[in-house]
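Okay, structure first, notes after.
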Amino acid sequence: MPRHPTGIPGCANSQYIGGMAKIILLAGVSGSGKTTVGRLVAGRNGMLFYDADDFHPAENIEKMRAGQALDDTDRAGWLERINRFLLHKSAGGDLVLACSALKNTYREQLVAGLQAEICWVFLLGTYELIARRMAARSGHFMPPALLRSQFDIFEKPESGLLLDVSEPPELLAKRIENHYFLNKMKPNFTPEFGLAGLGVMGKSLARNLAGRGFRLALFNREIAGKEENVARDFLGQHPEVAAQGFNDLPRFVESLPRPRKILLMIPEPATNVFTDELLPLLAPGDIVIDGGNAHYLETERRAARAAARGVGWLGTGVSGGEQGALTGPSIMVGGAAADYRQVKIYLENIAAKGPGGRVCCTRVGADGAGHFVKMTHNGIEYAEMQLLAELYGFLRDVQGLKNSEMADLLETWRDPKTDSFLLEITVDILRKTENGQSLLDLVRDEASSKGTGSWAVEAAAGLGFPATMMAAALFARYVSAAKTERVQAAQLYPGNKPARTKMSLAVLKKAYQTARIINHHQGFGLLRAASEHYGWQLDLPAIARIWTNGCIIRSGLMNELPACLRKHPALLFHPKIQRRVRAGRGALARFCAEAARSGQAAPCFLAASDFLNSLATAAAPANLIQAQRDYFGAHTIRRTDDPAGKSFHVNWKN
Ligand code: NDP
């Protein structure tokens with residue numbers, strides 16, 4: 001039978017919504033700390049506490065003691081017993097139950113028929129961390145060896161409050177209280193973090209922050225007849241978000257305690273107008289996190305304006321799209337270290353976790369560094385997408401594959417070396433049908449862009465860095481957008497029709513892998529060039545690490561890069577990468593030759609192959625360029641037979 005409950009039923013702190021009892025269900029694998037946290041929450045809020053372990057029949061306990069994992073049948077009776085108990089007890093008041101509840105079906109069984117406010121809390125952590133904790137505890141019947149089986153069957157919940165067990169129990173209890181106890185309509189609700197701009201990204205980030213137990217103030221502008229009560233409506237749709245909504249900027253700012261922390265999710269160039277309105281309302285010590293895609297030089301100007309008022313400005317890249325913002329984006333922060341320290345608890349809590357549970361959020365450097373890193377991320381992303389588009393074009397037009405056949409092929413490429421988020425979504429896209437027809441075939445072939453790709457290419461040009469693949473990808477989008485011209489040209493130059501030659505798919509895969517390595521070499525090279533130029537001291541392995549999850553360019557290759565970059569910041573010179581590129585160079589050349597011969601455009605693959613060829617040319621033909629420049633412009637040359645490296649002007653006419 002249950003052990004002694006904690007808390008006093010019916011005490012003044014007890015919360016009832018419409019007369020219904022509140023049941024906090026703390027779930028997680030054994031060793032996640034649910035009993036400790038549950039007792040804390042119950043004790044501090046006058047609730048009864050129960051531990052689901054106390055409901056196991058003796059046979060279950062013996063089985064676990066003997067090192068055998070329970071199966072669905074073993075758990076069925078146990079869950080039914082707890083459910084009956086909850087049905088009875090919930091009539092008497094609020095309670096907290098700690099229960100592993102590893103599968104969705106178990107969760108449904110637990111709460112079946114309950115007339116209560118059900119509040120799910122999931123305590124999540126890495127296997128390594130929880131295994132360490134289990135090894136350190138004593139007196140529990142569950143042997144540490146059974147932990148793996150619990151991780152194996154645990155189904156990640158779609159909703160509920162998700163908490164990270166690496167935080168102390170007191171903080172976790174506070175988060176649960178913030179999330180489930182504070183009545184946001186009460187006048188004493190005090191938000192701790194502000195978010196302005198409830199568009200696609202802002203809404204997802206607000207839900208993510210609230211899901212971590214943070215109390216929010218949310219602002220969206222009001223445009224009569226167009227954008228009305230956006231924040232209020234959002235909160236109506238998401239009652240679980242502990243927040244106050246505002247359409248009045250001064251009231252939003254006033255609602256936050258000082259020093260204020262405000263995240264902006266507003267697109268360019270509107271951020272300019274918004275900054276003009278926001279800055280005068282802020283006080284010294286307040287911190288603004290600009291999470292939109294701003295140009296890094298614009299960020300530096302805004303940071304200087306903010307600094308003049310004593311306000312901190314963190315230009316922050318957020319990657320992962322709508323879904324990533326909701327479940328864990330990758331976050332790249334630029335600005336003062338002291339300002340970052342004040343907001344990192346919010347940003348690091350909502351960020352994705354990479355391999356080993358490490359958080360995909362860091363301060364990458366000062367000033368505009370965060371937005372430069374995000375811009376470069378997008379430049380790499382442009383080339384990664386273009387490589388896949390060129391592969392698709394080749395498979396469709398030269399190899400004659402159907403979309404479903406391509407999906408089957410690319411599915412087999414999803415091994416640790418080749419897999420990526422972009423490859424994964426490409427397979428899904430290739431498989432998508434509507435009324436029996438491939439939906440991709442109905443999508444217009446004109447790519448658009450929002451600016452970060454062109455910023456990256458401009459920045460690379462300004463820094464004198466050859467980011468040829470992102471440039472090729474950007475210009476490929478521009479060519480695609482010129483549809484009318486393309487249709488005309490296709491008539492004028494019918495010879496461009498592909499020759500439908502067959503090529504080994506293994507060669508194709510090697511070419512793709514090699515081009516991707518070169519793309520990453522260039523991307524990190526651009527970061528290195530900017531770091532040297534601006535004195536940012538960018539930590540390339542740390543940047544690769546925060547790109548291992550949450551962001552659009554997460555991939556198996558990216559998982560390897562933190563270690564590679566620690567050894568050699570120029571990837572193509574790393575011994576392991578060298579071996580791979582040497583093995584793939586021939587395939588890349590063959591693919592490029594085949595594409596060119598077939599009249600099939602493959603600008604990004606060609607840029608990769610050409611970059612490698614250029615880099616691997618000890619004696620470049622640039623001596624002729626120098627001679628021509630000196631000939632017509634007296635730009636001078638330096639001679640190979642002059643060790644002093646002096647400059648000479650030559651009369652080139654014999
Ligand atoms: P949306 O267009 O969906 O939302 C923009 C938000 O900004 C809306 O709430 C809008 O308010 C508000 N806004 C626009 N102009 C003003 C203004 N003058 N004053 C106050 N508020 C204003 O954009 P996203 O959420 O997609 O993007 C937000 C930022 O995040 C952008 O910088 C974008 O580049 C970046 N980003 C987007 C990603 C994505 O996948 N969508 C991924 C990563 C970054 P209203 O509703 O009234 O129009």
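Ligands are counted one by one from 1 in listed order, and the atoms in each one are counted from 1 as well. Here the structure is a predicted model, which is why all the values come from computation and not from measurement.
- The aromatic ring centres of Phe394 and Phe605 sit 6.0 Å or more apart.
- Contact residues for ligand 1 (protein heavy atom closer than 4.0 angstrom to any ligand atom): Gly197, Leu198, Gly199, Val200, Met201, Asn220, Arg221, Glu227, Met265, Ile266, Pro267, Ala270, Phe274, Gly292, Asn293, Val318, Gly321, Lys374.
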### Task
Determine, step by step, whether Phe193 and Tyr346 satisfy the ring pair (Phe, Tyr, Trp, His ring centres under 6.0 Å) criterion, reporting the C-alpha distance in whole Å, the side-chain angles of both residues, the deciding distance to 0.1 Å, and the verdict.
CA-CA 8 Å; Phe193 189 82; Tyr346 303 101; 4.5 Å; yes
### Message
Show, in sequence, the C-alpha distance, side-chain angles and deciding distance for Arg305 and Asp276, and conclude whether the salt bridge (Lys or Arg N to Asp or Glu O under 4.0 Å) test is met.
### Response
CA-CA 10 Å; Arg305 280 183 62 201; Asp276 289 344; 2.9 Å; yes
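- Applying the side-chain hydrogen bond (donor to acceptor under 3.5 Å, both in side chains) criterion to Ser319, with sequence neighbours excluded, gives His377.
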### Task
Start with the C-alpha gap between Lys174 and Glu192, add the side-chain angles, then the distance that decides, and say whether salt bridge (Lys or Arg N to Asp or Glu O under 4.0 Å) holds.
CA-CA 13 Å; Lys174 185 170 170 277; Glu192 56 187 303; 5.0 Å; no
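- Using a 4.0 Å cut-off between charged side-chain N and carboxylate O, Glu298 and Arg301 make a salt bridge.
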